[in-house]
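Numbers for residues simply follow the sequence, beginning at 1.
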Amino acid sequence: MAKSIFITGAASGIGKATAISFAEKGWNVGLFDINEEGLKEVANIIGHNKCMYQKLDVTSIQEWKEAEKSFSEYTSGTCNIFFNNAGIANFAGAFEDVNVNEIHKIIDVNFKGVANGCISMLSLLKNTENSLLLNTSSVAGLVPTPGIAIYGATKHAVTSLTESLRIEYERHGVRVSEINPWFTETPILEAKNVSSDMQSQWERDFVEQRTKVHPVSKVVDKVWLAYTSKKIHHPVGLEANLASFFMRLIPSFIRRMSKKLFKDTFI
């Protein structure tokens, strides 16, 4: 029987690339996203005989229940990988300039949405041998990131959740881990700047002048690796590995580097 993967945020970026890669290798793929048109496009690329798709607002526990039910019917009650990937970064700018409604939206999608998934998909994961719950965190959750403070905070929360559930879900036979991408070629690089007089560190030109932007295929490779790996954290790219290593070893060094990187924008 073919293995299966449930992917949130599947209409674009990391989720889309992961879906296509797994389908090409014969997996049954469940595509879930709030963007229905994007889902249809991905399903057309994959082939409707290799996937199913359904609209999912990750902030709605009711829609999670419906998504889990549909996927369970599609896979006869199993899920080898639950890729808890959906996230947003709709702004970049000084914390005090960000509309409070935008702050709450980021928290709702990036953390509450992830927690909803961890709860909703547990039954299917428990019912599948050697299953994996894989969260998408970020290097921004491991190191200080001026200008995207709330985004970084939600990713830090995801990392904390991953660490705790790694221990809790062991009794269910479910592994829990996460990927921690560096800057990646995804729609997040199109995040809007909230301050017209301040250059955003998420704008493509700003990023490419200062660091490497990795292709999304590099993240997909880490998703594949995570399925067979015993590691909890999977930094993507040399920069991510170095940043996470030095943050653990010499956090003051990373703080100085962050201040230097963003000295023209937030310091």
Side-chain angles (χ1 to χ4, degrees), residues 1-33 39 42-43 45-47 50-54 56 58 64 67-87 113-138 158-159 161-181 184 186 216-236:
M1 182 177 178
K3 293 182 178 179
S4 62
I5 181 170
F6 181 118
I7 304 173
T8 62
S12 63
I14 293 170
K16 175 181 178 179
T18 301
I20 293 171
S21 178
F22 274 75
E24 288 176 345
K25 289 180 170 59
W27 284 51
N28 290 323
V29 180
L31 308 168
F32 298 89
D33 200 294
L39 288 177
V42 178
I45 293 171
I46 290 174
K50 297 180 180 179
C51 69
M52 58 83 63
Y53 66 90
Q54 183 169 315
L56 170 61
V58 296
W64 267 109
E68 188 271 347
K69 183 175 183 294
S70 296
F71 187 76
S72 179
E73 292 172 352
Y74 175 60
T75 64
S76 300
T78 63
C79 179
N80 296 93
I81 301 177
F82 165 41
F83 190 22
N84 207 5
N85 169 68
V114 169
N116 284 343
C118 292
I119 294 169
S120 302
M121 294 298 292
L122 179 57
S123 179
L124 284 184
L125 292 168
K126 287 167 61 176
N127 197 43
T128 310
E129 186 177 356
N130 192 34
S131 60
L132 172 67
L133 190 170
L134 183 64
N135 293 323
T136 295
S137 184
S138 171
V158 169
T159 293
L161 181 66
T162 299
E163 288 278 1
S164 296
L165 293 186
R166 174 78 170 207
I167 297 171
E168 286 196 33
Y169 280 13
E170 185 176 349
R171 72 186 191 278
H172 300 308
V174 178
R175 289 179 297 119
V176 182
S177 60
E178 68 179 22
I179 56 171
N180 306 90
T184 306
T186 71
V216 71
S217 60
K218 197 156 190 173
V219 184
V220 176
D221 290 342
K222 285 290 184 176
V223 176
W224 279 108
L225 178 64
Y227 184 56
T228 56
S229 172
K230 294 181 179 179
K231 292 182 179 179
I232 300 177
H233 309 290
H234 299 275
V236 181

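- Under the 4.5 Å side-chain criterion, counting only non-hydrogen atoms from C-beta, Leu56 is in contact with Val58.
- Interatomic distance, OH of Tyr53 versus CG of Leu31, reported as 9.5 Å (0.5 Å rounding).
- Residue Ser177 holds its OG atom at 12.0 Å from OH of Tyr227, rounded to the nearest 0.5 Å.
- Separating the OG1 atom in Thr18 from the NZ atom in Lys222 is a distance of 13.5 Å, to the nearest 0.5 Å.
- Atom CD of Glu129 is surrounded by 12 or fewer heavy atoms from other residues, nucleotides or ligands within 6.0 Å.
- A donor-acceptor pair shorter than 3.5 Å cannot be found between the side chains of Glu178 and Thr136.
- Ion pairing between a basic and an acidic side chain is recognised when a charged N comes within 4.0 Å of a carboxylate O; Arg166 and Glu170 show no such pairing.
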**OP:** Please assess Val236 against Asn180 for the test side chain to side chain contact (heavy atoms under 4.5 Å, CB included), listing each intermediate value before the final yes or no.
**Re:** CA-CA 6 Å; Val236 181; Asn180 306 90; over 6 Å; no
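- Side-chain contact between Ile14 and Phe83 is present, with at least one heavy-atom pair separated by less than 4.5 Å.
- In this pair, Trp224 and Trp27 present their aromatic rings perpendicular. The plane angle is above 60°, beyond the 30 to 60° band.
- One N or O on the side chain of Thr228 and one on the backbone of Leu225 form a donor-acceptor pair closer than 3.5 Å.
- Between Ala23 and Lys50, the shortest heavy-atom contact is O-CD, 4.0 Å.
- Counting heavy atoms from C-beta on, the side chains of Phe71 and Gln54 never come closer than 4.5 Å.
- Residues Phe22 and Ile81 have side chains in contact (heavy-atom distance under 4.5 Å, counting atoms from C-beta outward).
- With rounding to the nearest 0.5 Å, the separation of CG in Asn135 from SG in Cys118 is 4.5 Å.
- For the pair Ser21 (side chain) and Ala17 (backbone), a donor-acceptor distance under 3.5 Å is absent.
- The two residues Gly9 and Ala86 have their closest heavy-atom pair at N-CB, 3.7 Å.
- Distance alone, capped at 3.5 Å, is enough to place a donor-acceptor pair between the Asp33 side chain and the Ala10 backbone.
- A 4.5 Å side-chain heavy-atom check between Phe82 and Thr8 finds at least one atom pair inside the cut-off.
- Put simply, the side chain of Asn80 never gets that close to the backbone of Ser131: no donor and acceptor are under 3.5 Å apart.
- No side-chain heavy atom of Val176 sits less than 4.5 Å from a side-chain heavy atom of Ile232.
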**OP:** Please step through side chain to side chain contact (heavy atoms under 4.5 Å, CB included) for the pair Ile20 and Val220, ending with a clear verdict.
**Re:** CA-CA 10 Å; Ile20 293 171; Val220 176; over 6 Å; no
**OP:** Give the C-alpha distance, both sets of side-chain angles, the deciding distance and a yes or no for side chain to side chain contact (heavy atoms under 4.5 Å, CB included) between Asn28 and Cys51.
**Re:** CA-CA 6 Å; Asn28 290 323; Cys51 69; over 6 Å; no
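- No donor-acceptor pair under 3.5 Å is formed between the side chain of Thr128 and the backbone N or O of Thr78.
- With contacts defined as side-chain heavy-atom distances shorter than 4.5 Å, the pair His233/Glu163 qualifies.
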**OP:** Verify ring pair (Phe, Tyr, Trp, His ring centres under 6.0 Å) between Phe6 and Phe32, making sure each step is shown before the conclusion.
**Re:** CA-CA 8 Å; Phe6 181 118; Phe32 298 89; 4.0 Å; yes
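- Under the 3.5 Å distance criterion, the side-chain polar atoms of Arg175 are matched with a main-chain donor or acceptor of Ala226.
- Under the 3.5 Å distance criterion, the side-chain polar atoms of Asn85 are left unmatched by any main-chain donor or acceptor of Ile7.
- In plain terms, the two heavy atoms of Gly26 and Ala2 that are nearest each other are O-CB, 3.6 Å.
- Atom NE2 of His234 sits about 9.0 Å away from atom CD1 of Ile179, to the nearest 0.5 Å.
- If you take CD1 on Ile46 and CD on Glu24, they are separated by 8.5 Å, rounding to the nearest 0.5 Å.
- Looking at heavy atoms from C-beta onward, Leu125 lies out of side-chain contact with His172 at the 4.5 angstrom threshold.
- Counting all heavy atoms, side chain and backbone alike, Ser120 lies closest to Trp64 at OG-CB, 3.3 Å.
- A donor-acceptor contact shorter than 3.5 Å is absent between the side chain of Ser72 and the backbone of Glu68.
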